[in-house]
**Student:** 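Before anything else, here's the structure in question.
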Amino acid sequence: MRWLVMLAAAAFAMASYANDVGQIKSLKGTVQVERDGKRLAAAPGMGVKQADVLVTGADSSVGVTFLDNSMLSLGPSSTLAIDHYSFDSTTHAGRFDSSLKRGTLAGVSGRIVQQSPEAMRVRTPASVMAVRGTEFLVQVGAPAR
Amino acid sequence: MGAVLVGALIVLAVVLSRQTTPPDDLFAVLPSADGHTGAVVVERDGERTVLDKSYASIRSGESEPTWLSDQEVRTAFAPALAAMPPRPAKFLLYFETATDQLTEESRGELARMLAEITRRPAPDILVIGHTDRVGQDEENDRLSLQRAERVKGDLVSQGVPVERIRASGRGEREALVPTADGVDEPRNRRVEINVR
């Protein structure tokens, strides 16, 4: 019986892992993942799924590596929604859309963009950025000058 | 009474203006770790701006790109940049022709890779198989995945949790050494491993 429970737990862990599009690699302070109407406390090693919203507290930050080797990291008091993520590991076709609602974001593009330039997009409330390659920064709520 | 009404109207106006005016934003391009600078295209109110030089930036209310200062990168973006995950480490393993058997040298490379896996706090591993250009595409897709699965099995037998490893096959799409179709190039018969 115990063996069956362990098997079921392992199968469940693998099934949920199968939907992961990325993984939290670094984390400082308080970070939450909003998923299916719930707020989960984030931790290093936790999977990130399509439609997740990552929220960092004050003095907090988080870094995520996605399946295609693209990476995103958030500074303090930031909110990022993973709107769409698809990636074919054989052909490298895919699309990666996210939205920065507030705060600061640093990013590095991966295999999706190598295969299809501009297939990675970051939206803000006023703008949309298409990534043709490599590294970028985005801020929402930027101080005017 | 009048004062209360005026106050309520002011609050309403502030709330409405907050809802209709999106917050300011800022986009910038950085040099990448390998020194190459890529590009992004920012679209706002139907205007497209290409940023393709290191530290080129565009912000709300400005129609031309400007340069992001060192100080601004350090103050506004230092926490986000510090949270960037470690770069994926890449390893290459080579195979004997038309088999999933590793060459002698590549069995030694496996050990270096295991050390990198244990060094990382929350590792996950991508195992990506490739073939040379001998044979049909479908056959090479199958063989490349078979090679990747073989290496995944080796890692699992070394104690790496199976749920941390993903295997995939790229067939002959990503030849390391470009050749004509049908060429038996040993450097293309490989498995690439990304430790992340």
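So that the names make sense, note that chain A is the first sequence line, chain B the second, and so on, each numbered from 1. Atoms considered below: every heavy atom in the structure, side chains included; atoms not considered: hydrogens, waters and symmetry mates.
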**Student:** Name the region of Arg173(B), side chain, backbone, both or neither, that has any atom closer than 4.5 Å to a heavy atom of chain A.
**Tutor:** side chain
**Student:** Is it the side chain or the backbone of Ile128(B) that comes within 4.5 Å of chain A heavy atoms, both, or neither?
**Tutor:**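 For Ile128(B), side-chain heavy atoms alone lie under 4.5 Å from chain A.
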**Student:** Only pairs of heavy atoms separated by less than 4.5 Å count here; which of Ala39(B), Gly38(B), Ala122(B) has the most with chain A?
**Tutor:** Ala39(B)
**Student:** Please flag which part of Leu68(B) lies under 4.5 Å from any non-hydrogen atom of chain A: side chain, backbone, both or neither.
**Tutor:** side chain
**Student:** Please determine, by modelled atom types, if Arg196(B) and Asn69(A) share a side-chain donor-acceptor pair under 3.5 angstrom.
**Tutor:**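 Side chains of Arg196(B) and Asn69(A): pair found under 3.5 Å.
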**Student:** Output the distance between atom NE2 (His130(B)) and atom CG (Leu93(B)), rounded to the nearest 0.5 Å.
**Tutor:**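 Answer rounded to 0.5 Å: 11.0 Å.
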**Student:** May I ask you to check whether Glu192(B) and Asn194(B) show a side-chain donor-acceptor distance below 3.5 Å?
**Tutor:**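 A pair is found: one side chain offers a donor N or O, the other an acceptor, under 3.5 Å apart.
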**Student:** Is Val128(A) in contact with chain B via its backbone, its side chain, both, or neither, using a 4.5 Å heavy-atom distance?
**Tutor:**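 Both parts, backbone and side chain.
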**Student:** I'd like to know if the side chain of Thr79(A) pairs up with that of Arg102(A) as donor and acceptor (distance under 3.5 Å, no hydrogens or angles considered).
**Tutor:**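 Yes, side-chain donor-acceptor contact under 3.5 Å.
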**Student:** Got a second to check how far Phe91(B)'s CZ is from Ser106(B)'s OG, nearest 0.5 Å?
**Tutor:**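 If I round to the nearest 0.5 Å, the distance is 12.5 Å.
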**Student:** Please classify the contact between Val113(A) and chain B as side chain, backbone, both or neither, with a heavy-atom cut-off of under 4.5 Å.
**Tutor:**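 Neither part; nothing is under 4.5 Å.
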**Student:** Using every non-hydrogen atom in the two residues, find where Ser98(A) and Leu72(A) come nearest and quote the distance to one decimal.
**Tutor:**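 Scanning both residues, the minimum pair turns out to be OG-CD1, 4.2 Å.
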**Student:** Pick one of side chain, backbone, both or neither for Ile24(A), based on which atoms fall under 4.5 Å of a heavy atom in chain B.
**Tutor:** backbone
**Student:** Which bit of Ala33(B) is near chain A, if near means a heavy-atom gap under 4.5 Å: side chain, backbone, both or neither?
**Tutor:**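 For Ala33(B), the contact with chain A is made by backbone and side chain together.
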**Student:** Using a 4.5 angstrom heavy-atom cutoff, name the option from Arg87(B), Arg120(B), Glu174(B) with the most pairs to chain A.
**Tutor:**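 Highest number of heavy-atom pairs under 4.5 Å: Arg87(B).
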**Student:** Considering only heavy atoms and a distance below 4.5 Å, find which of Thr49(B), Leu30(B), Thr37(B) pairs most often with chain A.
**Tutor:**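 Counting heavy-atom pairs under 4.5 Å, the top option is Leu30(B).
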**Student:** First locate atom CG of Leu126(B), then atom OG of Ser89(A), and finally report the distance between them rounded to the nearest 0.5 Å.
**Tutor:**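 Going from CG on Leu126(B) over to OG on Ser89(A), the span is 8.5 Å.
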**Student:** Side chain, backbone, both or neither: which part of Leu100(A) has a heavy atom under 4.5 Å from chain B?
**Tutor:** neither
**Student:** If you tally heavy-atom pairs under 4.5 Å against chain B, which of Arg121(A), Lys101(A), Met120(A), Arg111(A) wins?
**Tutor:** Arg111(A)
**Student:** Quick check on side-chain contact (heavy atoms from CB on, under 4.5 Å): which of Ile165(B), Ile125(B), Ile193(B) does Ile117(B) satisfy it with?
**Tutor:**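 Testing Ile117(B) for a side-chain contact (heavy atoms from CB on, under 4.5 Å) against Ile165(B), Ile125(B), Ile193(B) leaves exactly one candidate, Ile125(B).
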